[in-house]
Amino acid sequence: MKLLSIILLILCCAVWSEDLALARKLAAEEAELPRLLTGTPAEFMLSSWPMALARRELKKGGPVEKLDVRLLAEVYRDCQRGLAWQEKNVEVTIPRLPQPPRLDGRVEPGEWDKALIFHGEYRISETEKIPDRKSSVWYVGYHGNVIYAAASFREDSPEIYTDKYDGDRKRLMFMGDAFEFFIKPELPYGLYLECVVNPAGKLWNLLHVRTGDGRQFRFHDDFQADIRAAGSCEDNRFTVELMIPVSAIFGKWAGVEISGNEKFSFIMARANRKGDEYFMSSPVKLLYDSHNVFGYVRAVFEK
């Protein structure tokens, strides 16, 4: 027992020494980070919440070892992970659907056949598909001036959270099992929409924005628009369907049909909850977070 305690102490000291070395590197390079990270897959880190916490910590001054060493080390590791990321943005054409899907939370035979379809899932920041998620299916297409998306996942007992920011913040909708769709028009400013749909079909829309100086923040906590969703839990699966009129995203598109020249970026994501375990996944390889607009799928509508 004494030997085990000694071994654990040695390991803890080794981890502390490594974290301290990385924390010192972050402190030394903090002023240079905009130059080092801008234009790389790590650019998202500049406006991330962990980076904001790290900068707040560094502003305290004094020896690094008296600061939150573990936080600073993790932020440094995340920056390095982004600089080493080799995956390119996926580029797609969003197909025109022959008819709009019926929003009932079920993917009926033939209903989504002409959509863009993805299979399987990647954990966020990983490059190998999750082995037991091969049956996951994701769909996206458009009809008229409306974007349609759907997803179907195997899940025996989905954990359904229903709260928004005005409710229990420990049970926000995206903290339970849920489907998320993020879409960002190609605009000179960084407005993007987040739609959260839980397995029961409850919908929550949020607007976010990236400012010209790189700051990223939530612009609207409960965005009301003509966006609709449906969900179902059947046969050990949960399925959701979503429709987003393009006018809800970009006023210039209001009252007109999509011509096929419009460009935008998007990501679909899945929130996974099993007791205390929680993680995010996506049908494509995505670094850091579902808010990482730099890693989104780049899309154009089919003419």
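Model, not experiment: these values are computed from the prediction. Scope of the values below: all heavy atoms of this structure, side chains included, with no hydrogens, waters or symmetry mates.
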| field | Separation of T40 OG1 from L83 CG (nearest 0.5 Å) | value | 5.0 Å
| task | Write down the atom of G105, the atom of S232, and the distance for their closest heavy-atom approach. | result | O-OG, 2.5 Å
| field | F179 and W138 aromatic ring geometry - parallel, tilted or perpendicular at 30°/60° bounds | value | tilted
| said: Rounded at 0.5 Å granularity, tell me how far CD in E108 sits from CG in D113. | reply: 12.0 Å
| Aromatic ring proximity, centroids under 6.0 angstrom, Y192 and H208 | yes
| said: To check you understand the geometry: which heavy-atom pair defines the closest contact between P41 and Y288, and what is its length? | reply: O-CE1, 3.6 Å
| request: Please list, chain by chain and in numerical order, all residues satisfying ring pair (Phe, Tyr, Trp, His ring centres under 6.0 Å) with H143, sequence neighbours excluded. | output: none
Cut-off 3.5 Å, no hydrogens considered: what does the side-chain donor-acceptor table look like for residues 27-34, sequence neighbours left out?
{"unit_1": "E30", "atom_1": "OE2", "unit_2": "R55", "atom_2": "NE", "d": "3.2"}
{"unit_1": "E32", "atom_1": "OE1", "unit_2": "R35", "atom_2": "NE", "d": "2.6"}
{"unit_1": "E32", "atom_1": "OE1", "unit_2": "R35", "atom_2": "NH2", "d": "2.8"}

| query | Which is it for I244 and L193 under the side-chain contact (heavy atoms from CB on, under 4.5 Å) test, yes or no, and what are the steps along the way? | reply | CA-CA 10 Å; I244 306 172; L193 172 70; 4.0 Å; yes
| query | Would you call L203 and N205 a side-chain contact if the rule is heavy atoms closer than 4.5 Å? | reply | yes
| Counting heavy atoms not belonging to K274, are there more than 12 under 6.0 Å from its NZ? | yes
| request: Using a strict 4.0 Å threshold on nitrogen-to-oxygen distance, state whether E194 and K184 make a salt bridge. | output: no
| said: When you compare the side chain of N198 with that of D177, does any pair of heavy atoms fall below 4.5 Å? | reply: no
| Linked, directly or transitively: V92 and F294 (ILVMFWY side chains, under 4.5 Å) | yes
| task | Answer with yes or no whether the hydrophobic clustering places F174 together with V293; edges join I, L, V, M, F, W, Y residues whose side-chain heavy atoms lie under 4.5 Å apart. | result | no
| Among all residues two or more places apart in sequence or in another chain, which pass the side chain to side chain contact (heavy atoms under 4.5 Å, CB included) test with R171? | Y161, D163, D168
| request: Output yes when a side-chain donor or acceptor of D235 lies under 3.5 Å from a complementary backbone atom of R237, and no otherwise. | output: no
| request: Answer yes or no: does atom CD of Q99 have more than 12 heavy-atom neighbours from other residues, nucleotides or ligands under 6.0 Å? | output: no
| Taking all atoms of both residues into account, what is the closest heavy-atom pair of V209 and L191, and its distance? | CG2-N, 4.1 Å
| field | Check: A54 main-chain N/O paired with E57 side-chain donor or acceptor under 3.5 Å | value | no
| remark: So the salt bridge (Lys or Arg N to Asp or Glu O under 4.0 Å) pairs with at least one residue in residues 294-303 (sequence neighbours excluded) are none
Show me the donor-acceptor pairs, under 3.5 Å and distance only, between side chains in residues 115-123 and residues at least two apart or in other chains.
{"unit_1": "E121", "atom_1": "OE1", "unit_2": "R133", "atom_2": "NH1", "d": "2.7"}
{"unit_1": "E121", "atom_1": "OE1", "unit_2": "S281", "atom_2": "OG", "d": "2.6"}
{"unit_1": "E121", "atom_1": "OE2", "unit_2": "R133", "atom_2": "NH1", "d": "3.3"}
{"unit_1": "E121", "atom_1": "OE2", "unit_2": "S136", "atom_2": "OG", "d": "2.5"}
{"unit_1": "E121", "atom_1": "OE2", "unit_2": "R270", "atom_2": "NH1", "d": "2.6"}
{"unit_1": "R123", "atom_1": "NH2", "unit_2": "E277", "atom_2": "OE2", "d": "3.4"}

| Quick one: do D222 and K164 make a salt bridge, cutoff under 4.0 Å? | yes
| request: Would you please name every residue forming a side chain to side chain contact (heavy atoms under 4.5 Å, CB included) with D226, sequence neighbours left out? | output: R228, P245
| query | For the residue pair F153 and F238, is the inter-centroid distance of their aromatic rings smaller than 6.0 Å? | reply | yes
| query | Can you tell me how far CD1 of I227 sits from CE of M243, rounded to the nearest 0.5 angstrom? | reply | 8.5 Å
| query | Using links of under 4.5 Å between side-chain heavy atoms of ILVMFWY residues, direct or through other members, which residues join I160 in one cluster? | reply | none
| task | Would you please test Q80 and D78 for side-chain hydrogen bond (donor to acceptor under 3.5 Å, both in side chains) and show each step? | result | CA-CA 5 Å; Q80 295 305 306; D78 281 341; over 6 Å; no
| message | Side chains of V300 and E262, heavy atoms from C-beta outward: is any pair under 4.5 Å? | response | no
| task | Measure across S152 and T239 and return the closest heavy-atom pair with its distance rounded to 0.1 Å. | result | OG-OG1, 2.9 Å
| task | Could you check if a side-chain atom of L67 sits within less than 4.5 angstrom of a side-chain atom of L58, using non-hydrogen atoms only? | result | yes
| Closest non-hydrogen atom pair, F264 against P185 | CB-CA, 3.9 Å
| query | Do R273 and E155 meet the salt-bridge criterion of a basic N to acidic O distance under 4.0 Å? | reply | no
| task | Taking all heavy atoms of F44 and all of H291, pick out the closest pair and write down the distance. | result | CE1-O, 3.4 Å
| message | Would you compute the distance between atom CG of L36 and atom SG of C79 and round it to the nearest 0.5 angstrom? | response | 9.0 Å
| Under 4.5 Å between any side-chain heavy atoms of V146 and V246, yes or no? | no
| field | Trace of the side-chain contact (heavy atoms from CB on, under 4.5 Å) decision for V75 with M45 | value | CA-CA 8 Å; V75 168; M45 283 301 298; 4.0 Å; yes
| message | Which residues pass the ring pair (Phe, Tyr, Trp, His ring centres under 6.0 Å) test with Y142, not counting sequence neighbours? | response | F301
| Say you draw a straight line from CZ of F182 to CE of M268; how long is it, rounded to the nearest 0.5 Å? | 12.5 Å
| field | Partner set under side chain to side chain contact (heavy atoms under 4.5 Å, CB included) for D156, not counting sequence neighbours | value | R154, N236
| request: Return the set of residues passing ring pair (Phe, Tyr, Trp, His ring centres under 6.0 Å) with Y139 (not counting sequence neighbours), or none when no residue passes. | output: W112
| Is a side-chain donor or acceptor of E180 paired with a backbone partner of C195 at a separation under 3.5 angstrom? | no
| task | Report the residues that fulfil side chain to side chain contact (heavy atoms under 4.5 Å, CB included) with I124, sequence neighbours left out, ordered by chain and then residue number. | result | M280, S282, L286
| query | Would you say E87 and T127 make side-chain contact, with heavy atoms under 4.5 Å? | reply | yes
| request: For F219, look at atom CZ and say whether over 12 heavy atoms of other residues, nucleotides or ligands are found less than 6.0 Å away. | output: no
| Given F181, which of F266, Y296, W204 fulfils the ring-ring contact (aromatic ring centres under 6.0 Å, His included) condition? | F266
| Donor-acceptor contact present, side-chain N89 to main-chain V297, <3.5 Å | no
| said: Just to verify, which of L103, V196, V107, V197 counts as forming a side-chain contact (heavy atoms from CB on, under 4.5 Å) with V240? | reply: V197
| said: Please enumerate all residues that pass side chain to side chain donor-acceptor pair (under 3.5 Å) together with R106, with sequence neighbours excluded. | reply: E234
| Distance in Å, K263 NZ paired with S265 OG, rounded so as to fall on 0.5 Å steps | 12.0 Å
| query | Does a side-chain heavy-atom distance below 4.5 Å link L206 with F223? | reply | no
| Name of the residue among K25, R77, R70 meeting salt bridge (charged side-chain N to carboxylate O under 4.0 Å, His left out) with E18 | R77
